[in-house]
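Down below is the structure, laid out as structure tokens.
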Amino acid sequence: MIELNDITFAYEAGGFTLNAGALSIAQGEKVAVVGPSGSGKTTLLHLIAGILVPTRGKVSLDGQVVSSLSDKARRRLRLSRMGLVFQGIELVDYLSAKENVLLPYRLNRGISLDDKAKQRAEQLLQRVGLSEVAGRAVSGLSQGERQRVGICRALIAEPGLILADEPTASLDEASSASAVDLLIQLVEDSGSTLVMLTHDKVLLPRFDRVVMVDRGAVSGGVS
Ligand code: ADP
Ligand code: MG
């Protein structure tokens with residue numbers, strides 16, 4: 001599903017370079033990306049998401065070379081095919097949990113916000129134990145609750161690919177384990193592919209494969 005071929009990426013500011021020989025991830029695979037802070041994990045995820053484009057080499061998604069598309073086309077692809085769970089989950093504070101979950105429908109003109117989507121939002125929120133607060137503004141929710149809203153939002157439009165950047169970094173151990181359990185369960189139910197960055201070793205047995213990033217070098221890329 002995802003192929004990276006001989007990638008080099010350098011930030012314009014310089015100082016850091018990421019190199020990945022070959023990285024291929026199959027449909028439905030659950031991949032953990034580990035490595036010390038500053039090693040390039042987020043950079044790698046942004047290359048897969050098409051937020052960044054490599055300085056050299058190609059990133060493909062289902063045979064399509066994403067890295068040669070325009071900014072606009074990459075954004076469209078991201079909205080239609082990917083669910084992103086990032087570190088500082090960006091929820092819209094004055095909107096309710098349910099409205100936040102349904103945000104992709106407002107951003108992506110390719111899908112319509114119908115009753116089915118609304119039902120699915122309710123089901124997801126129930127699944128993560130947030131039925132009670134579904135109608136409440138997220139500004140009043142705890143960090144753990146917000147994280148779960150973010151997970152539901154990433155999954156609402158049934159994207160084939162879920163990209164998660166240390167989604168548990170701001171949670172305590174117990175809520176972190178349950179948030180990841182939940183994410184993995186939902187991903188397994190939908191047959192989606194999951195790429196998740198983590199530095200939590202406890203979580204690794206839940207994944208099919210572990211990719212390592214160390215000082216900009218990616219290894220463990222081929223299954
Ligand atoms: P990780 O996610 O593994 O902690 P990152 O991919 O965020 O690592 O960062 C890798 C390196 O790239 C770090 O040294 C970081 O300081 C640098 N870096 C990250 N973003 C930028 C940027 N926008 N411009 C220049 N350097 C950056
Ligand atoms: Mg990071």
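Start at 1 and go down the list; that is how both ligands and their atoms are numbered. FYI, the numbering just counts along the sequence from 1.
Residue E166 has no N or O atom closer than 3.5 Å to an N or O atom of ligand 1. Remark: ligand 1 and G40 share an N or O pair separated by less than 3.5 Å (distance only, no angle test).
For ligand 1 and S37, the ligand atoms under 4.0 Å from any heavy atom of the residue are 4 (O). Each of the atoms 3 (O) of ligand 1 lies under 4.0 Å from some heavy atom of P36.
Counting protein heavy atoms only, atom 7 (O) of ligand 1 is closest to T42 CB, 3.6 Å. Of all protein heavy atoms, the one lying nearest to atom 4 (O) of ligand 1 is G38 N, 2.7 Å. Among all protein heavy atoms, the one lying closest to atom 18 (N) of ligand 1 is Y11 CE1, 3.5 Å.
Contact of the E99 side chain with the L102 side chain is not registered, since no non-hydrogen atoms from C-beta on lie closer than 4.5 Å. Counting only heavy atoms from C-beta outward, the side chains of V138 and Y94 never approach each other to under 4.5 Å. No side-chain heavy atom of L45 sits less than 4.5 Å from a side-chain heavy atom of E166.
Side-chain atoms of N5 never come within 3.5 Å of backbone atoms of K58 as a donor-acceptor pair (strictly under, hydrogens ignored). Judged by distance alone, the side chain of Q119 and the main-chain N or O of K116 form no donor-acceptor pair under 3.5 Å.
Taking CG of L91 as the start and CG of N100 as the end, the distance is 4.5 Å to the nearest 0.5 Å. One finds the CG atom of L124 at 10.5 Å from the CG atom of L130 (value rounded to the nearest 0.5 Å).
Around atom 5 (P) of ligand 1, the closest heavy atom drawn from V33, T43, L52 belongs to T43.
Among the atoms of T43, no N, O or S atom is found under 2.8 Å from the Mg ion (ligand 2).
Within the 4.0 Å cut-off (strictly below), no protein heavy atom is located near atom 16 (O) of ligand 1.
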